[in-house]
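Note sheet for the following structure.
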Amino acid sequence: MGIPEKKKLSSSKTASIVDLIQSAVIAAIQELYGETIPAEQAAPTVTRKEFEGDYTIVTFPFTRFAKKKPGEIAEELGAHLVKNVPQLTRFNVVQGFLNLVVADSFWSDFLLQIADNQDFGRAPKNGQKVMIEFCSPNTNKPLHLGHVRNILLGWSCSQICEAAGYEVKKVQVINDRGIAICKSMLAWQKFGDGATPESTGTKSDHFVGDYYVLFEQKFQEEYKAWQAGAGQQVLGEKRKADQSDEQFFKDFKNTYFNEYSQLGGEAREMLLAWEAGDPATKALWQRMNQWVYDGFEETFVKLGVSFDKYYYESETYLLGKDIVEQGLASGVFYKKDDGSVWADLTDAKLDHKVVMRSDGTSVYITQDLGTAQMRYQDFGTEKMVYVVADEQNYHFQVLFEILKRLGEPYAAGLHHLSYGMVDLPTGKMKSREGTVVDADDLIAEVIEEAREASKERGEIAELTKAEQEDILRKIGLAALKFHIIKVTPQKRMVFDPKESVDLQGQTGPHIQYAYVRIKSVLRKASDLGFRIADFGLGGAGTVELPISIEPQERELIAQLYRFPAAVQTAAANYDPSEIANYCYDLAKAFHRFFTDLSILKAETEEAKAFRLQLCAAVANVLKTGMGLLGIEMPDRM
RNA sequence: GGCCCCGUAGCUCAAUUGGAUAGAGCACCUGACUACGGAUCAGGAGGUUAAAGGUUCGAGUCCUUUCGGAGUCACCA
């Protein structure tokens, strides 16, 4: 699925230097050796830093038909290219690697074109629509670190797709029904004594979560009492001799909940009442869920994310039955004697999968089948991305396979953006052991860390309180977000809270600092009477460009040049970490440039103008790039 | 046990999709402008890419086996 997209990609870019070289190589090989080579073999790669050059062609594959040594081919090819492509000034050959040097004028022309283009890197609309589902919480507990990774991936992915030219719909599915929320409801009803988030001053989703925890506590207490009394006989029969209390409870918990527990019985009654549409139960359910939504919304705002549409499982959990009928008719599904309906996916190595119970009710995957159809009707998106943890890999393989067999029109555009779970240095996050990292706590913590660091520096002390708070929020969140997004989604990651608040090194604030340095220089330049417009391309005071470019400048410009392609591949791979790493590399290159070369005290007026242009362009790309990750840039810090 | 994913410096992560001497940051050591912001920069040390075979001009990347770790295999969601 990813391969055709990549091909489409390179053909859609027009007149880029990369394409220019590529087609020139194909033509040259044809001319020199009479062989037509596939485009991949002519694709230039970026030259490694330790060699002179901008792009490299690997000549080893050509030995087969050229009947020459790689080095000789490289020499011939290099000479031919430099002669025929005006943008190439010279070349050198190392082993079989042909390093091509792009003319300074090409780079400086390019820089002038983008220096004041705020939209550089954003592609025009491509007419395609993509839906991205992310977050998808339960309503019985507040958001935690796992949700944070999910939300950041989903959000940045949506921003990247938008920049790549797609129309994006951001949706989430909220699991608002089932036994879990009934537990919170019951606990509140029995022990809440009419308390509300307002009356207790608790953030409303935490308020509801606290009752879920309370239920579990009371349930445990009830079990302990039962264990010592009425349950002794049952336990004597079921418990194996070598099992510890804890081990046994783990296995036995569900049975106890369903068959013996008073609280469990009441919770199940509540669920039945809910399903029967009992008004009082519905009202309570409505009220408590609303508290949760209000709390979630606060967290979303803090994280700077929003959604276009919310789907509620209470409204979708019955969907999908007509799909089952449809699949039975077309032979995608089959019916067993007991009336249950199955999909046979053994030829796709996915085994048999039930899609409808023998009592005619739907299962989880049936609901997903129905929801997919419903969304397609809602938005007509030919691509749908599900941002869901990798523990559901199998589920999505099955879901997509079935949709494909059903011949759904969007089936080819389905993608599971699977991401690894977040581990803590102490191991896995476990709610039972209290080792979950709460999203709100985490956000507060990183902002505090930014405050401490800022206090020592004293750079923003003279700003108003509100301005300071805004900056600290941007810095703290940049640290947190970048720390999470920079990791390839697919990989499981270790989250060390100490490292997440680091402000130095490979971090969000390090990149923000590059931006702040630029803003500071530009302010100073403006104070000295310089205005970008005065030395811009075609401006009244156009300054002639320097003929030669310093290596640090060259590296920066070449880096800027890659930005649009980076956006496109990040979108094609649904991988925000590529943008994160791009931004870091760019910031790093800028810091080096900044310390090595003087800007306002440059050797000539031309060099000064050129470098200011470069600064403006870098600031622009940093702001756009980090914006794609949901990270804001402060002007000072 | 079947299927699937992962294993790179002490730690956290890269590696332009098969290319050159495997790179960054943290931590450790050394150094830098009376300069546009030191949340910076330069340098040092740190690697048998879990192991062994194979494919080829070339393998961290592809294939096979082994070891280690995670996930999943409900008429739960």
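So you know, we letter chains A, B, ... as the sequences are listed, proteins then strands, and number each from 1. Note: hydrogens, waters and symmetry copies are ignored here, and every other heavy atom, side chains too, is used.
- There is a side-chain donor-acceptor pair under 3.5 Å between A:Asn99 and A:Thr56.
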Would you tabulate the nitrogen or oxygen pairs shorter than 3.5 Å linking the protein to nucleotides 43-46 of chain B?
none

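- As rounded to the nearest Å, B:U61 and B:A50 have C1' atoms that lie 16 Å from one another.
- Here B:A20 is the nucleotide among B:A20, B:U16, B:U17 with the atom lying nearest to any side-chain atom of A:Phe51.
- The side chain of A:Tyr513 lies closest to B:U40 when the candidates are B:C4, B:C41, B:U40.
- Under the rule for a side chain to side chain donor-acceptor pair (under 3.5 Å), the partners of A:Thr361 that lie at least two apart in sequence or sit in another chain are A:Arg357, A:Asp359.
- Annotated as syn: B:U17, whose O4'-C1'-N torsion sits within 90° of 0.
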Listed pairs, N/O of protein and of nucleotides 10-14 of chain B, under 3.5 Å:
| from | atom 1 | to | atom 2 | distance (Å) |
| --- | --- | --- | --- | --- |
| B:C13 | OP1 | A:Val494 | N | 2.6 |
| B:A14 | OP1 | A:Thr488 | N | 2.5 |
| B:A14 | OP1 | A:Thr488 | OG1 | 2.4 |
| B:A14 | OP2 | A:Lys491 | NZ | 3.0 |

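- Across all strands shown, A:Leu597 has heavy atoms under 4.0 Å from base atoms, whether or not it also approaches the sugar-phosphate.
- You'll find the side chain of A:Ile599 reaches within 4.5 Å of the side chain of A:Phe593, heavy atoms only.
- Residues passing the side chain to side chain contact (heavy atoms under 4.5 Å, CB included) test with A:Met185 are A:Ile181, A:Met270, A:Thr281, A:Leu284, A:Trp285, A:Met288, sequence neighbours excluded.
- Comparing the same atom, C1', in B:A70 and in B:A32 gives a spacing of 46 Å after rounding to whole Å.
- Rounded to whole Å, the separation between the C1' atoms of B:G58 and B:G19 comes to 7 Å.
- With salt bridges taken as basic N to acidic carboxylate O contacts below 4.0 Å, none links A:Lys68 and A:Glu75.
- Sorted by first and then second residue, the side chain to side chain donor-acceptor pair (under 3.5 Å) pairs involving residues 340-351 of chain A (not counting sequence neighbours) are A:Asp338-A:Ser340, A:Ser340-A:Trp342, A:Asp344-A:Thr346, A:Asp347-A:Arg405.
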Footprint string (nucleotides 72-77 of chain B, 5' to 3'): B base within contact, S backbone only, - free, heavy atoms under 4.0 Å: S--BSB
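- In this structure, A:Arg636 reaches the bases: a heavy-atom distance under 4.0 Å links it to at least one base atom across the strands shown.
- A:Gln504 and A:Thr507 share no donor-acceptor pair across their side chains, judged by distance under 3.5 Å alone.
- Listed nucleotides B:C36, B:A39, B:C41 differ in distance to A:Ile475; the shortest reach to its side chain belongs to B:A39.
- Distance from the side chain of A:Arg48 is smallest to B:U21 among B:C41, B:A39, B:U21.
- At a threshold of 4.0 angstrom between heavy atoms, the contacts of A:Gln397 with the nucleic acid are absent.
- Within the structure, the salt bridge (charged side-chain N to carboxylate O under 4.0 Å, His left out) test picks out no pair touching residues 496-524 of chain A (sequence neighbours left out).
- Remark: RNA chain B takes part in the stems B:1-3 with B:71-73, B:5-7 with B:67-69, B:10-13 with B:23-26, B:28-32 with B:40-44, B:50-54 with B:62-66, each of 3 or more antiparallel Watson-Crick or G-U pairs, criterion distances under 3.5 Å.
- Here the separation of B:A15 from B:G23, taken at their C1' atoms, is 7 Å to the nearest Å.
- Using cut-offs of 30° and 60° for the angle between ring planes, the A:Tyr364 and A:His395 rings count as parallel.
- Among the heavy atoms of the strands lying under 4.0 Å from A:Asn99 is at least one base atom, whether or not backbone atoms are also near.
- Aromatic ring orientation, A:Phe97 versus A:Phe60: perpendicular (interplanar angle above 60°, classes split at 30° and 60°).
- Within the structure, the salt bridge (charged side-chain N to carboxylate O under 4.0 Å, His left out) test picks out no pair touching residues 575-587 of chain A (sequence neighbours left out).
- In terms of phosphate contacts, A:His416 brings no side-chain nitrogen or oxygen within less than 4.0 Å of OP1 or OP2 of B:C4.
- Put simply, CG on A:Leu350 is 15 Å from C1' on B:G71, counting in whole angstrom units.
- Ring-plane geometry between A:Tyr334 and A:His352 is classed as perpendicular, the angle between the planes exceeding 60 degrees on a 0 to 90 degree scale with a lower cut at 30.
- When distances are taken from the side chain of A:Val94 to each of B:C41, B:A20, B:C36, the shortest belongs to B:A20.
- Going from the C1' atom of B:G38 to that of B:A42 covers 13 Å, rounded to whole Å.
- Distance A:Tyr584 OH to B:A24 P: 9 Å, rounded to the nearest Å.
- A donor and an acceptor atom never sit less than 3.5 Å apart when one is taken from the side chain of A:Thr595 and the other from the base of B:A32.
- Ring-to-base geometry does not place A:Phe97 in a stacked arrangement with B:G19 (centre distance under 5.5 Å, plane angle under 30° required).
- In this view, A:Tyr311 and A:Asp378 satisfy the side chain to side chain donor-acceptor pair (under 3.5 Å) rule, not counting sequence neighbours.
- Residue A:Asp502 places no side-chain atom within donor-acceptor reach of the base of B:A27, judged by atom type and a 3.5 Å distance cut-off alone.
- Checked by atom type, the side-chain pair A:Asn138/A:Asn175 shows a donor-acceptor distance below 3.5 Å.
- Across the protein-nucleic acid pair, A:Gln490 atom CD and B:C4 atom C1' stand 11 Å apart, rounded to whole Å.
- Residue order along RNA chain B, read from the 5' end via each residue's closest nucleotide, puts A:Lys49 first among A:Pro509 and A:Lys49.
- Remark: A:Tyr582 engages no residue in a side chain to side chain donor-acceptor pair (under 3.5 Å) (not counting sequence neighbours).
- Annotation: side chain to side chain donor-acceptor pair (under 3.5 Å) contacts of A:Tyr419 (sequence neighbours excluded): A:Asn150.
- Look at the P atom in both B:U8 and B:G69: the space between them is 14 Å, to the nearest Å.
- Taking the nucleotide of RNA chain B with the nearest heavy atom to each of A:Ala453 and A:Ser598, the more 5' of the two is matched to A:Ser598.
- Using a 4.0 Å heavy-atom distance criterion, A:Pro61 is classed as a base contact.
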